[in-house]
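To keep things clear, I will list the structure first and then write my remarks on it.
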Amino acid sequence: MSLSLILPMSAFALAASISPGPVNLVCLSSGTRYPVHRGLIFVTGATLGFIALFIAVGLGLYSLLNVVPAFDALLRWAGVAFLLYLSVKLAMDSGHLPDDGTDKAPGFGTGALMQWLNPKAWLASASGIGAYTSANDLQQILLFASLYLPICWLSLACWVYVGAFLRRYVQRPVVLKTVNRGLALLLAASCLYLLIG
């Protein structure tokens, strides 16, 4: 593989990973509410979930959406339901930062599942593979996935660290509640993209 292919693949992975989306918003919220290491567990699950999705799409899973239209509708509605569930949890949050560690942060499994229900992840996978790999070229797909892995993890981790930085400014419950409701609204709004996109 030449550098002329690796650089554009890396740039695409960075742009797709760091731009705002449902997973990034959960990372930001995690950073404001929980210790960084708990947010990074979610980041790891989301990254590995995305890489599994990326490879599956590269091996032809995306074509299933064209062959079985019901699968597309099922994926869309499952994504809407999951994002609305997360939005409601975020909106109902009391705004009190957990001190004792009993509050349950989104974990590894939530991160992995969220990517499979995330339209941004499907679109990034399909468009990236379509633009930078030859059809069904496993070597190119695996190269792209190996570039995506650290870029995606670091990009999502940045959102957790931004949240952790903002944590000092949201110590008062009323401020954190307002931030959480804003993030919940953005997360719910991303459902509109699923329904009309």
Side-chain angles (χ1 to χ4, degrees), residues 16-53 65 70-125 152-153 155-197:
S17 299
I18 206 157
S19 60
V23 173
N24 308 72
L25 292 174
V26 173
C27 288
L28 180 66
S29 173
S30 242
T32 58
R33 291 200 40 80
Y34 306 103
V36 169
H37 74 277
R38 290 172 77 183
L40 295 180
I41 292 170
F42 175 82
V43 165
T44 302
T47 300
L48 294 178
F50 175 78
I51 296 302
L53 173 66
L65 296 179
F71 182 69
D72 183 37
L74 176 68
L75 178 67
R76 185 177 303 243
W77 285 105
V80 166
F82 189 66
L83 292 176
L84 286 176
Y85 164 75
L86 291 174
S87 297
V88 168
K89 281 187 67 167
L90 200 51
M92 301 295 285
D93 185 74
S94 69
H96 293 282
L97 292 172
D99 294 325
D100 55 4
T102 57
D103 226 7
K104 189 161 172 28
F108 183 92
T110 302
L113 176 63
M114 196 169 178
Q115 290 290 32
W116 282 79
L117 298 175
N118 179 4
K120 180 185 167 196
W122 282 84
L123 183 62
S125 297
C152 181
W153 193 91
S155 296
L156 295 178
C158 283
W159 284 84
V160 172
Y161 280 102
V162 167
F165 172 77
L166 293 175
R167 183 180 177 120
R168 70 183 82 172
Y169 301 106
V170 294
Q171 291 294 324
R172 292 188 340 206
V174 69
V175 175
L176 185 56
K177 189 185 273 190
T178 304
V179 169
N180 284 341
R181 288 190 176 155
L183 291 173
L185 186 62
L186 288 172
L187 203 53
S190 71
C191 292
L192 289 176
Y193 174 79
L194 269 175
L195 293 174
I196 60 176

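Just so you know, residue 1 is the first one in the sequence shown, and it goes up from there.
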Do any N or O atoms from the side chain of [X] and from the backbone of [Y] form a donor-acceptor pair under 3.5 angstrom?
| X | Y | answer |
| --- | --- | --- |
| W116 | G49 | yes |
| S29 | L25 | no |
| T110 | P106 | no |
| N118 | L113 | no |

Measure the shortest side-chain to side-chain distance between [X] and [Y] over non-hydrogen atoms and say whether it is less than 4.5 angstrom.
| X | Y | result |
| --- | --- | --- |
| V43 | C27 | yes |
| F50 | L156 | no |
| V160 | L28 | no |
| V23 | W159 | no |
| F42 | M114 | yes |

Heavy-atom closest contact ([X] atom, [Y] atom, distance):
| X | Y | value |
| --- | --- | --- |
| S17 | C152 | OG-CA, 3.5 Å |
| R38 | A105 | NH2-N, 3.4 Å |
| A164 | V36 | CB-CG2, 3.6 Å |

TODO: Enter the distance from Q115:CD to L48:CG here, rounded to the nearest 0.5 Å.
DONE: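 Result: 10.5 Å between the selected atoms.
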
- [ ] Any chance you could lay out the side chain to side chain contact (heavy atoms under 4.5 Å, CB included) test for Y161 and L40, step after step, and finish with the verdict?
- [x] CA-CA 9 Å; Y161 280 102; L40 295 180; 3.9 Å; yes

